[in-house]
Each structure stands twice: as structure tokens, then as C-alpha cells.
Amino acid sequence: MTIQYTPRGVCSRAFQIEVEDGVIRDIQIEGGCDGNLKGLSSLLKGMKAEEAVSRLEGIRCGAKATSCPDQLAQALKKAL
């Protein structure tokens, strides 16, 4: 399954996430902090989507109510 997600309240503009049998296979992120998001994508590949959601959900970016990791968790919830 490929998830197309438009994050809200963060610098990133779009996520494309491939999930197969509950496992994250690939993540492409448009916009945002390039190095940090490439690192995050690399760490999440091969991880179960449920585990990623539990680790990422609720993370904030400064004074914002959300963050790119939190928005990734919201996108992954659609795959569960």
C-alpha cells in the first residue's frame, strides 16, 4: 500500500510512504529539513508501522503542536 499524505503545521509539503504487511518499505518526503528527514526515513525502513507510530506520535517541534515525525505517525495510522 502506498500512502500519499499532506502534512499540516510543518515545513514538509508531502509524504509518500510504502507499507507492506504492516512494515514500512520506503518513505519519500518533500520539503522540510533534508538531512534530518533522510535520517528519519532511513531509520524507519523495515520497522513495523505500529512501532513507528508509538515512537513518533506526539513529538513536537519547538512551540508547534506537531512535528514532521508526528505527522509521519498520523500518515502511518492510515495504513493500520
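Count residues from 1 along the sequence.
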Report task. Would you kindly confirm whether V23 and I3 end up in one hydrophobic cluster when ILVMFWY residues are joined by side chain heavy atoms under 4.5 Å apart? Result ->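 Not linked; separate clusters.
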Per-pair distances, 0.1 Å, donor-acceptor, side chain in residues 72-80, under 3.5 Å, sequence neighbours excluded:
| residue | atom | partner | partner atom | Å |
| --- | --- | --- | --- | --- |
| Q74 | NE2 | E57 | OE2 | 3.4 |
| Q74 | NE2 | D70 | OD1 | 3.4 |
| K77 | NZ | E57 | OE2 | 2.4 |

Query - OG on S12 to OH on Y5, rounded to 0.5 Å - result: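 Reported to 0.5 Å precision, the distance equals 11.5 Å.
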Query raised in the report: Does I59 have any side chain to side chain contact (heavy atoms under 4.5 Å, CB included) partners at least two apart in sequence or in another chain, and if so, which?
Result: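 With neighbours one apart ignored, the set is L56, S67, P69.
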Which side-chain N or O atoms in residues 26-39 pair as donor and acceptor under 3.5 Å with protein atoms at least two apart or in another chain?
| residue | atom | partner | partner atom | Å |
| --- | --- | --- | --- | --- |
| D26 | OD1 | Q28 | NE2 | 3.4 |
| D26 | OD1 | K45 | NZ | 3.3 |
| D26 | OD2 | Q28 | NE2 | 3.0 |
| E30 | OE2 | R13 | NE | 3.3 |
| D34 | OD2 | K38 | NZ | 3.1 |

Query raised in the report: Is the closest side-chain heavy-atom distance between I17 and T2 below 4.5 Å?
Result: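 No, side chains not in contact.
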Requested in this report: Would you indicate whether R55, at its atom CZ, is surrounded by more than 12 heavy atoms from other residues, nucleotides or ligands within a distance under 6.0 Å?
Outcome: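 12 or below, so no.
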Query raised in the report: Mind checking what makes salt bridge (Lys or Arg N to Asp or Glu O under 4.0 Å) contact with E20, not counting sequence neighbours?
Result: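 In terms of salt bridge (Lys or Arg N to Asp or Glu O under 4.0 Å), with neighbours along the sequence ignored, E20 is linked to no residue.
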Query raised in the report: Do you reckon M47 sits in the same ILVMFWY cluster as M1, going by side-chain contacts under 4.5 Å, direct or chained?
Result: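 Linked, M47 and M1 end up in one cluster.
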Report task. Could I get the full list of side chain to side chain donor-acceptor pair (under 3.5 Å) partners for R60, not counting sequence neighbours? Result ->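 For R60, no residue satisfies side chain to side chain donor-acceptor pair (under 3.5 Å) once neighbours in sequence are set aside.
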Query raised in the report: Can you name the residues that form a side chain to side chain contact (heavy atoms under 4.5 Å, CB included) with S54, not counting sequence neighbours?
Result: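 In terms of side chain to side chain contact (heavy atoms under 4.5 Å, CB included), with neighbours along the sequence ignored, S54 is linked to E51.
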Query raised in the report: Is R8 close to Q71 at the side-chain level, that is, under 4.5 Å between some pair of heavy atoms?
Result: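 SC-SC contact between Q71 and R8 confirmed.
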